[in-house]
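Read the structure below first, then the notes.
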Amino acid sequence: MAGKYKVPRGTYDILPSESYKWQFITQKFREIAHLFNYREIITPIFESSGLFERSVGGNSDIVQKEMYKFKDKKGRQFALRPEGTAPVVRSYIENSLQMQPNASKLYYIAPMFRYDRPQKGRYRQFYQYGVENIGSENPAYDAEVIAMGYIFLEKLGLQNFSLEINSIGCSNCSQDYDKALIEYFSQYEAELCKDCRNRLQKNPKRVLDCKVPTCRKIAQNAPSMLDYLDEDCQNHFEKVQKYLQEMNIPFTVNPKIVRGLDYYTQTAFEFLNNNLGAQNAVCGGGRYNGLFQQLGGQNTPAIGFAGGMERLILSMENEGLSFGEEPHPQAFVVALGDEAKEFSLSLVHKLRNEKIATDTSYEKNSLKAQMKAADKSNALYCLILGDDELKTDTVTIKNMKTGEQKQIPLATLVQAIKQRTLV
RNA sequence: GUGGAUGUAGUUCAAUGGUAGAGCACUGGAUUGUGGUUCCAGGCGUUGUGGGUUCAAAUCCCAUCAUCCACCCCA
């Protein structure tokens, strides 16, 4: 039965058969976040467009082509948030969180919106989990944030992922480096692809990760960012690496990592999974020391990361990992005859009050149909109520896995289920 | 935004211009109170949508929408 309406392009429904996976992952993420003493922040789904134009960067693809913008009835210009960091920073500044205790470590799990062409692992509404560590430029926090991402993926059981890190320097080193890149690539301008010739002036670092073979070849001998770091940035980057080594977190330095959002400085990193096709970044982040000032706040260094739920789930499915058990009732009540049916209503209610997850079918009458329903519900126990049981104030309890069953006094039912469930 | 592939039942797929079908799933049943196995029965699907060609279109053509893949971008 095809209905009249369909989900908007690039969006999708998370159906009951999938939603428990979401719950499993978000619960794990919260656990890890709390383990590191991060606390949740929840910001609105839309913000003033200017927030993103100023933070993500007016020239970035995200702002230029991918933002869902709209005006409200008073003509105010808003955008559905395309990413999570800028809103957190906005909120931090607006609420003077630097004055509040325990507000420097924040996490979120929230939908983001980008008007991209949909593809595997790429959607127009997608979910990100992320953290922000605000207020310090100590490289220990860089290492801590990276460690958090690493432990999260590891705890989920992922095997096939790698960590790549880089330092893109502060604005000083970055300018020098851009100059050097332009100088280098200009020699080969004629051989570069059309896109890269364009990138060369606007954002020369982008040429480094072009996939066209000839550009790739030229990029191989391009000057490395690492040679252009000033002393501070170099020290910082070395410490990050040292701390990661001390925590036994494996990584490779990839000087070609470029971040698409303008606000990044110094440390940049990505967790990659090779089974995802073109959309292989499971999680990415970096330091953004300049962002607070750009948004009108005090000079406040910070570092964070964000990861995509959809890609994480794809990776886990690829590796055949468990998402925990699907929720199911503990007990399913089967009632035979009108009298028992009526009685089952209060029995079910009583069990639920006792925190025993219980279901029944008021619709089905035959024992067989009800047993089938009990089976499908994946309930641990089936509770059978018939004439015999009603007469003697008992109930037959059946273990659906082993097939064992026993007739017990109604008065002892709750206790019996609780004891058995614990085993 | 660019290029390519694909759209048939809930789902996976058949049907190459001549009556739309199968496996799985789903629902019911196989005499007196027992599920998972087995057997039987149950589908009026605008063949994504809209046009066109033809005596005749799921099938050929055009458009449109959607999905997938790649570019791009990034989570």
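Computed over heavy atoms, backbone and side chain alike; hydrogens, waters and symmetry mates excluded. To find a chain, count down the sequence lines: A is the first, B the second, and so on, and within it residues start at 1.
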Between [M] and [N], how far apart are the [atom1] atoms? Round to whole Å, please.
N: B:rU47; M: B:rA14; atom1: C1'; answer: 13 Å
N: B:rU6; M: B:rG48; atom1: C1'; answer: 12 Å
N: B:rU37; M: B:rC74; atom1: C1'; answer: 50 Å
N: B:rG42; M: B:rG23; atom1: P; answer: 12 Å
N: B:rU11; M: B:rC26; atom1: C1'; answer: 11 Å
N: B:rA56; M: B:rG51; atom1: P; answer: 16 Å

Decide yes or no, distance alone: a donor-acceptor N/O pair under 3.5 angstrom between the base of [N] and the side-chain of [X].
X: A:R122; N: B:rC73; value: yes
X: A:R206; N: B:rC72; value: no
X: A:R311; N: B:rC74; value: yes
X: A:E66; N: B:rG1; value: no
X: A:K398; N: B:rU34; value: yes

Notebook entry, point to check: Under a 4.0 Å heavy-atom cut-off, which of residues 9-36 of chain A touch RNA chain B?
Noted result: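 Close to the strand are A:R9, A:G10.
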
Notebook entry, point to check: Looking for any heavy atom pair under 4.0 Å, which part of the strands does A:Q405 touch: base, sugar-phosphate only, or nothing?
Noted result: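 Answer is base: heavy atoms of A:Q405 come under 4.0 Å of a base.
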
Note to self: Classify A:I384 by what it touches in the nucleic acid, base, sugar-phosphate, or nothing, heavy-atom distance under 4.0 Å.
What the structure shows: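 Since a base atom lies under 4.0 Å of A:I384, the category is base.
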
Note to self: Please tell me whether A:F46 and A:F70 form a close aromatic pair, meaning their ring centres lie under 6.0 Å apart.
What the structure shows: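 Here the rings of A:F70 and A:F46 have centres that are less than 6.0 Å from each other.
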
Next item on the list: Starting at atom OH of A:Y107, determine the distance to atom P of B:rA75, rounded to an integer number of angstrom.
Entry: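 From A:Y107 OH to B:rA75 P: 21 Å.
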
Margin query: Return the CD to CZ distance between A:E325 and A:F24, rounded to the nearest 0.5 Å.
Written below: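 It is 11.5 Å, given to the nearest 0.5 Å.
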
Next item on the list: Could you verify whether a donor N or O on one side chain and an acceptor N or O on the other, from A:T85 and A:E132, lie under 3.5 Å apart?
Entry: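 A donor-acceptor contact under 3.5 Å links the two side chains.
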
Margin query: Counting Watson-Crick and G-U wobble pairs with both distances under 3.5 Å, what is the dot-bracket string for RNA chain B, 5' to 3', using [ ] for crossing pairs and | for pairs to another strand?
Written below: (((((((..((((....[..)))).(((((.......))))).....(((((..]....))))))))))))....

Item checked: A:K398 with A:E404: basic N within carboxylate O range, under 4.0 Å ->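 So A:K398 does not pair with A:E404 through a salt bridge.
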
Note to self: Using a strict threshold of under 4.0 Å (side-chain N to carboxylate O), is an ion pair present between A:R287 and A:E137?
What the structure shows: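 The answer is no: the pair does not qualify as a salt bridge.
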
